[in-house]
2 protein chains.
Amino acid sequence: MLIIVDPHSGVPVYRQLMDQIKFHITTGLLKPGDELPSTRTLSSELGVNPMTISKAYSFLEREDVVERRPGRPLVVKSLPGETIKDKKMDQLKESLSSTVTMVKQLGIEYEEALKTFRELLEDKSDATAHYKEDDK
Amino acid sequence: MLIIVDPHSGVPVYRQLMDQIKFHITTGLLKPGDELPSTRTLSSELGVNPMTISKAYSFLEREDVVERRPGRPLVVKSLPGETIKDKKMDQLKESLSSTVTMVKQLGIEYEEALKTFRELLEDKSDATAHYKEDDK
DNA sequence: TCATCTGTATTACTTGACATATACACCAAT
DNA sequence: ATTGGTGTATATGTCAAGTAATACAGATGA
């Protein structure tokens with residue numbers, strides 16, 4: 001599992017961790033039942049304090065993404081009957097919700113908003129995921 | 001012009017000010033050339049420090065939303081040839097951009113994403129204010 | 001039991017954002 | 001020049017977020 005963090009990016013390290021783990025789950029790279037690296041392992045790999053890893057894990061547990069087994073590594077939680085596609089749709093809806101609010105507040109016509117969305121999707125043609133690697 | 005700030009909302013006061021002023025401009029309530037209240041006036045109305053107002057104004061100037069006239073009140077800047085509808089569309093595009101990135105990263109089908117957007121727009125039909133655009 | 005994994009509660013340090021008080025510079029009209 | 005308006009540079013205080021050092025607790029397996 002590929003995880004990269006940049007301590008100077010402005011985004012808190014624990015949040016970078018959460019985002020990347022959730023992303024791997026959403027794409028199916030991490031499946032329900034998979035074990036996550038121990039706090040100390042990940043800690044030494046990434047060069048950050050174990051507590052920072054633990055913080056990310058705790059939040060993920062609170063969000064029901066991961067399951068705690070006392071004295072054992074954390075595992076990816078399986079939500080019964082939820083497919084990868086479901087997860088992607090959930091994430092999409094969450095991402096769209098603030099825009100939906102805005103469209104209503106500003107009184108933008110729905111068809112206009114949909115047209116704009118379609119144009120943006122077709123415009124930006126670089127569809128590849130880009131991860132910023134911090135080489136030394 | 002109605003401006004309300006809540007010091008305990010978690011959102012910085014200067015940012016609440018910026019957001020509301022930009023919102024009023026986008027909806028057309030504040031037009032190019034309109035004067036903004038002086039820092040001290042707004043300060044005493046809202047019960048916050050004049051410097052906080054000044055900070056908001058400075059950022060708005062940096063964003064080219066407002067124009068500085070030495071020794072005189074700030075005025076809403078007029079961007080030549082930009083209609084209210086243009087402003088709304090700009091804001092919509094900005095709001096959608098992160099979602100667009102996400103859709104591409106996760107490999108969600110465009111039609112699927114558009115369908116979801118349409119459903120969200122039609123679903124949450126809560127009674128938010130709708131403004132009519134009579135600006136061409 | 002002992003050694004060694006696991007996670008984490010507690011505590012403290014550092015840092016940056018936010019808001020404020022004060023004082024100053026500028027401009028326009030007296 | 002004086003008065004009263006404008007905005008703001010500077011320094012200070014406050015507070016919360018992020019991270020880390022330490023020490024502890026539960027589980028596992030020899």
Practice problem: Check which hydrophobic residues are tied to A:Met51 through side-chain heavy-atom contacts below 4.5 Å, counting indirect links as well, and list them. | Solution: none
Quiz prompt | Bend angle of the helix from C:dT1-D:dA30 to C:dT30-D:dA1, end axes from five pairs each (to 10°) | solution = 10°
Practice problem: Using only side-chain N and O atoms of B:Thr52, determine if any of them is under 4.0 Å from OP1 or OP2 of C:dA19. | Solution: no
Self-check item: Range on DNA chain D touched by chain B - first to last nucleotide, heavy-atom distance under 4.0 Å
Solution: D:dT6 to D:dT10
Tabulate protein N/O versus nucleotide N/O from nucleotides 21-27 of chain C, keeping only pairs under 3.5 Å, one per line.
residue : atom : partner : partner atom : Å
C:dA21  : OP2  : B:Asn49 : ND2          : 3.1

Quiz item: Which residues satisfy the side chain to side chain contact (heavy atoms under 4.5 Å, CB included) test with A:Lys93, sequence neighbours excluded?
Solution: B:Thr116, B:Leu120
Quiz item: When clusters are formed from ILVMFWY side-chain contacts under 4.5 Å, directly or step by step, what else is grouped with B:Ile4?
Solution: B:Leu2
Exercise. Check salt bridge (charged side-chain N to carboxylate O under 4.0 Å, His left out) between A:Glu45 and all other residues, then give those that pass, not counting sequence neighbours.
Key: none
Self-check item: Partners passing salt bridge (charged side-chain N to carboxylate O under 4.0 Å, His left out) against A:Glu63 (at least two apart in sequence or in another chain)
Solution: A:Lys22
Quiz prompt | Any B:Tyr14 side-chain nitrogen or oxygen under 4.0 Å from OP1 or OP2 of C:dC18 | solution = yes
Exercise. Measure the spacing between OG1 of A:Thr52 and CG of A:Leu46 and express it to the nearest 0.5 Å.
Key: 10.0 Å
Quiz item: Who passes ring pair (Phe, Tyr, Trp, His ring centres under 6.0 Å) against A:Phe117, sequence neighbours left out?
Solution: B:Phe117
Practice problem: Return the set of residues passing salt bridge (charged side-chain N to carboxylate O under 4.0 Å, His left out) with A:Arg72 (not counting sequence neighbours), or none when no residue passes. | Solution: none
Quiz item: In whole Å, what is the span from the NZ atom of B:Lys55 to the P atom of C:dA19?
Solution: 7 Å
Quiz prompt | With sequence neighbours excluded, residues passing salt bridge (charged side-chain N to carboxylate O under 4.0 Å, His left out) with B:Glu35 | solution = B:Arg69
Self-check item: Atom-to-atom span, NE2 of B:His8 to P of C:dC18 - whole angstrom
Solution: 16 Å
Exercise. Go through the structure and list residues passing side-chain hydrogen bond (donor to acceptor under 3.5 Å, both in side chains) with A:Glu94, not counting sequence neighbours.
Key: none
